[in-house]
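Beneath this line is the structure, given in structure tokens, with notes to follow.
The sequence lines fix the lettering, A, B, ..., with proteins before strands; numbering per chain opens at 1. Note that the structure is a prediction, hence the values are computed from the model and not measured.
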2 protein chains.
Amino acid sequence: MPKKRILPYVLLGLINNKGSLSGYQISQEFKNEVGDFWHASHSQIYPELARMKDDGWLMDKIEDTSTFYALTDKGHQILREWMEEPLTDNEELFSLKLYFIKDKSDPLLKVLLNQELAIKYEKYNYLQKRLQAVFTDDEKIKHNFGHYLILTRAIEREQNHIDWLDKQL
Amino acid sequence: MPKKRILPYVLLGLINNKGSLSGYQISQEFKNEVGDFWHASHSQIYPELARMKDDGWLMDKIEDTSTFYALTDKGHQILREWMEEPLTDNEELFSLKLYFIKDKSDPLLKVLLNQELAIKYEKYNYLQKRLQAVFTDDEKIKHNFGHYLILTRAIEREQNHIDWLDKQL
DNA sequence: GAAGACATGTAATTCGTTACATGATTTC
DNA sequence: GAAATCATGTAACGAATTACATGTCTTC
């Protein structure tokens, strides 16, 4: 199966957040806030918006020189389904979905944090096992010092992320 | 300018670490240790090795059914140059280069840690500025709670990384 | 009237993944 | 002798970046 695309859902989320957006405005969004964790060029955005309109996810209204897009009922449903889909081990997915949660009391927030926590726990355990399997004695550390550093760093990073998630929950 | 490819340097680094490797052995490596921070499929590896041999980075010796590759003088030089090239804001680059450092006393180790520290400092400051610019009052936090969470999380993450780098230096 | 932002589009290129193919050797 | 692993290769496809292209509107 081909890898699941993220861009269409990002566009749905962004348009949904603002009510309606033009292709140009979306490319501006990527230069600002959203740009910290996702990016797309205008040559990707415009054809994607057209495809999404074809598929009935979006409707457009042309005003002056700009074409504005808004979510159809189907678009809302697809966005909701994507938001509720279990997270995979993908750093960006967590950030993106979180970005689309506007309200602290949204029940999805807790779900997301718990999903991420489970993923991070698993990763933490995996890395710990890796460390024990690869670095059985000091000689091994001495002769693969860089590898030892990244592994221990990765573990500390997961630990820090888990602590933060715990704190939020 | 096109984005700098990483794969050829990863192959150089891996082959250099082991002295010589076949395409098949490299794809196995990606299933083990290196696989935690980089991956390539065999359909990428074989043509890339051939290209690198054409360019004089590698030489090959055929034994039984396998073709083993080793670095030429030029290959060593190119790998060294890449290792000494300043880091960019790219999580994987730091891990990869670290992986290729075998010995704790390698002077490149300190250079890498300092480069990464500078990048992380910059990112930390950038994110702090972003937080202050976007979330000027509690209302803003309340109505963009997800965004607020990721931003504060990202800042804490950079902080944790900086602490770790400081500890190592 | 020149420069820069607004606004949208397509074409060419590059890179990576998946799928298709083939043949040898080893192990149950 | 069937299945799994070793070992290498190419073709098809999808997605993203860069470049090419065009036209308006605003501001100095």
Listed by chain and number, what are the side chain to side chain donor-acceptor pair (under 3.5 Å) partners of B/E85, not counting sequence neighbours?
B/K4

Heavy atoms, side chains only, cut-off 4.5 Å: are B/Y24 and B/Q28 in contact?
yes

Go through DNA chain D in 5' to 3' direction and return only the first and the last nucleotide with some atom under 4.0 Å of chain A's heavy atoms.
D/dA15 to D/dA19

N or O in side chain of B/R5 less than 4.0 angstrom from C/dT14 OP1/OP2:
no

Check whether A/N90 reaches the backbone of A/E92 with its side chain - one donor and one acceptor, N or O, closer than 3.5 Å.
yes

Side-chain (A/T72) to main-chain (A/W57) donor-acceptor, under 3.5 angstrom:
yes

Have A/S105 and A/D103 got a donor and an acceptor in their side chains that come within less than 3.5 Å?
yes

Can a donor-acceptor pair be found between the side chains of B/N17 and B/Y99 at a distance below 3.5 Å?
no

Which whole-number value in Å describes the distance from A/Q28 CD to C/dC6 P?
6 Å

How would you list, by chain and number, every residue that makes a side chain to side chain donor-acceptor pair (under 3.5 Å) with B/R153, sequence neighbours excluded?
A/N160, A/H161

Could you check which residues of residues 11-25 of chain B get a heavy atom under 4.0 Å from DNA chain C? Sort them by number, please.
none

Of B/L7 and A/T67, the one whose closest DNA chain C nucleotide lies more 5'
A/T67

Please list, chain by chain and in numerical order, all residues satisfying side chain to side chain donor-acceptor pair (under 3.5 Å) with B/E29, sequence neighbours excluded.
none

Taking all non-hydrogen atoms of both residues into account, name the closest pair between A/P8 and A/M52 and its distance.
O-CE, 3.2 Å

Sorted by number, residues from residues 30-60 of chain A placing a heavy atom under 4.0 Å from DNA chain D are A/S41, A/S43, A/Q44

Sub-3.5 Å donor-acceptor pair from the side chain of A/K140 to the main-chain atoms of A/Y148, do we have one?
no

